[in-house]
Every structure is written in structure tokens, then in C-alpha cells.
Amino acid sequence: GVRVSVAPSIQLMTGYILLEQEDWFEDEMDFIRALITPEMNVFDIGANHGVIGLTVANQLQSGHVWAFEPTIAPGAMLARSIADNGFGDRMTWIHAGLSDSDGSAEISISGNSETNSLYGTGTQKETIALYGLDAFIARENIEAQNDLFKLYAEGEEINIIARGHAFFTDQSQRSATASSATRPALARSCPMIPLLPTASCSTCLPASLTRPKPWPVAACLCRRARR
């Protein structure tokens, strides 16, 4: 299993859910556990306490998770979880958010960090660092194929995508040109953006997750889904 560090209070959502259900409640967790293979590389944008990113890291060997969480409270818990699980070689906490440019901004924060937002109206604020996606990748010299792009950023998604044109173009071309020899698990390693509800891809579903309707994957980059 995976150890997730949280604040010691059942009044806060993440800790309460994990104690009550002994897992995260969203269906995506089953999908991710069935999807991830040891070599995958993942961007977890809006990582919060890292429930998804840590779950991914637990199944990796040569792959890596870059977990973006700009606020201090959940980020510090995430950093502790990475250390406690021994994931330092396969998961990195990026203490910043993504947006349409490099810089800084004030974010509205609350006890339930899941609701932290640049567009919040609360009185509690925190100044955070912001990066553009393409600029971050270039600066960190990340050249690995991205296999899963999880994006949950409380209203900032469009700005993040706007400054990721080179990234998405590159990932699309890599997926479209991958051969069966180099990507034998193409259908299991389909980069996706769970934001723009324009398509659904049944080919990307692991067999163990067959459902009456295709999984609601949008902007799927799987070559077979676009034929």
C-alpha cells in the first residue's frame, strides 16, 4: 500500500475520506491502477496531497511522476509522503503551479486544500510561484515521453494548456509515430487531457475496466482513437 500524510483532523476532507474509506473515493483510482505500467512518466498537475501521484509512483520502476502543488500545507505533506514511501527516485514535488506565464500570484487558500484557487474570494492568501508548461519542461530538460497528463487546477486549465503548445504537439507526434515495436502498450499508455469533452476513447481502456460506455477520456492522443 501507499502511505499518505495528512493533517491530523477528521474535519478536513482528505484525511477524513482516507480514514473512512481507506482509499480515495473517485472512480479514476481504479482506472489509474489498471493503466500504469512501470516505465510510465506522469505529470500530476494540481497534486494536492498526492493521492493520485503516490498511487502512480507505487507502480513505477523506471518511470517518474512530476507532481505540481503550489501551496505549502498540502505540498509539505506530499513531500513527507514521498520520503516515507521511499519514492524519492521516482517522484518529484514541484513547489509551483502552472499557468500561462512564469511569475507569481496570490492564491486563495482554505483548510480543505482541494478548494484552493487563484479565483477564490477567501481572505486567506498565499503567494505562489507559477510556470508556463513549455518553459518548465525546457528549463528542466525533460525529454521523456509523457504517458499520463492529469490536470486539475481549479479553473486555470485553459491557461495551462495555452502555454503547453510545444509539449502537446510533441506528445501527439510521438504517439502518432510510435511503432508496435517501440510502444507495444500504446493503448495502455495514451496521453490524455481530462478537460475538453470532445471525444471518448474505448481503445485506451485496460480490459479490466470495460464498461457499457467508453471512459470519459477527452482530447485523447491515441492514434487508433483518431482513425
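- Arg33 and Asp23 are joined by a salt bridge, as a carboxylate oxygen and a charged side-chain nitrogen come within less than 4.0 angstrom of each other.
- Linking Ile, Leu, Val, Met, Phe, Trp and Tyr residues whenever their side-chain heavy atoms come within less than 4.5 Å places Met40 and Phe31 in a single cluster.
- Residue pairs meeting the ring pair (Phe, Tyr, Trp, His ring centres under 6.0 Å) criterion with at least one partner in residues 98-135, sequence neighbours excluded, are Tyr131-Phe136.
- Of all heavy-atom pairs spanning Gly63 and Arg90, the tightest one is O-CB, 3.8 Å.
- At a threshold of 4.5 Å between non-hydrogen side-chain atoms, the residues His49 and Ser113 count as touching.
- Listed by chain and number, the residues in a side chain to side chain donor-acceptor pair (under 3.5 Å) with Ser108 amount to none (sequence neighbours excluded).
- The two residues Thr127 and Ser104 have their closest heavy-atom pair at CG2-CB, 4.2 Å.
- Closest approach of Asn41 and Ala144 over heavy atoms only: ND2-CB, 3.4 Å.
- Not a single side chain to side chain contact (heavy atoms under 4.5 Å, CB included) links Asp89 to another residue, sequence neighbours left out.
- Under a 3.5 Å cut-off, the side chain of Arg163 and the backbone N or O of Asp100 do form a donor-acceptor pair.
- A search for side chain to side chain donor-acceptor pair (under 3.5 Å) contacts involving Glu154 returns Tyr152, not counting sequence neighbours.
- Linking ILVMFWY residues whenever their side-chain heavy atoms come closer than 4.5 Å, directly or via other members, leaves Met77 and Met91 in distinct clusters.
- Val42 has its side chain out of reach of Asn146: every pair of non-hydrogen atoms, C-beta onward, lies at least 4.5 Å apart.
- With rounding to the nearest 0.5 angstrom, the OG1 atom of Thr92 is 7.0 Å from the CD1 atom of Ile82.
- Qualifying side chain to side chain contact (heavy atoms under 4.5 Å, CB included) partners for Asn85, counting only residues two or more places apart in sequence or in other chains: Val2, Arg3, Leu54, Ser81, Phe87.
- The nearest pair of heavy atoms linking Trp93 to Ala79 is CE3-CB, 3.7 Å.
- Atoms NZ and OG1, from Lys125 and Thr123 in turn, are 8.0 Å apart once rounded to the nearest 0.5 Å.
- For Glu126, there are no side chain to side chain donor-acceptor pair (under 3.5 Å) partners two or more places apart in sequence or in a different chain.
- Taking the side chain as every heavy atom from C-beta outward, Glu20 and Ile17 never approach each other to under 4.5 Å.
- Side chains of Thr37 and Glu39: a donor-acceptor N/O pair is present below 3.5 angstrom, by distance only.
- Rounding to the nearest 0.5 Å places CD1 of Ile109 at 8.0 Å from CD1 of Ile72.
- Looking at heavy atoms from C-beta onward, Ile94 lies out of side-chain contact with Glu140 at the 4.5 angstrom threshold.
- For the ring pair (Phe, Tyr, Trp, His ring centres under 6.0 Å) condition, no pair includes a residue of residues 3-26, sequence neighbours left out.
- The side chain to side chain contact (heavy atoms under 4.5 Å, CB included) check on Ser110 picks up Asn112, Thr115, Asn116, with sequence neighbours excluded.
- To the nearest 0.5 Å, atom CD of residue Gln59 and atom OG1 of residue Thr55 are 8.0 Å apart.
- Applying the salt bridge (Lys or Arg N to Asp or Glu O under 4.0 Å) test to Asp84 and every residue at least two apart in sequence or in another chain returns nothing.
- A donor and an acceptor atom, one from each side chain of Gln171 and Gln145, are located under 3.5 Å apart.
- With Glu69 contributing its side chain and Asn48 its backbone, the two residues share a donor-acceptor pair below 3.5 Å.
- Listed by chain and residue number, Leu118, Leu130 satisfy the side chain to side chain contact (heavy atoms under 4.5 Å, CB included) test with Ala105 (two or more places apart in sequence, or in another chain).
- Atom CD1 of Ile107 is separated from atom OG1 of Thr71 by 6.0 Å, given to the nearest 0.5 angstrom.
- For Ile142, the CD1 atom is densely surrounded, since the number of other residues' heavy atoms within 6.0 Å is greater than 12.
- The shortest side-chain heavy-atom distance between Leu151 and Phe149 falls under the 4.5 Å cut-off.
- Glu157 has its side chain out of reach of Ile45: every pair of non-hydrogen atoms, C-beta onward, lies at least 4.5 Å apart.
- Tracing side-chain contacts under 4.5 Å through hydrophobic residues (I, L, V, M, F, W, Y), one reaches Ile137 starting from Leu98; they form part of the same cluster.
- In the hydrophobic clustering of this structure, Ile128 does not group with Ile160; members are Ile, Leu, Val, Met, Phe, Trp, Tyr whose side-chain heavy atoms approach within less than 4.5 Å, directly or through other members.
- Sequence neighbours left out, the pairs with a member in residues 42-66 that pass salt bridge (Lys or Arg N to Asp or Glu O under 4.0 Å) are Asp44-Lys150.
- With sequence neighbours excluded, the residues forming a ring pair (Phe, Tyr, Trp, His ring centres under 6.0 Å) with Trp66 are Phe43, His64, listed by chain and number.
- The shortest non-hydrogen separation linking Leu78 to Gly50 is CD1-CA, 3.7 Å.
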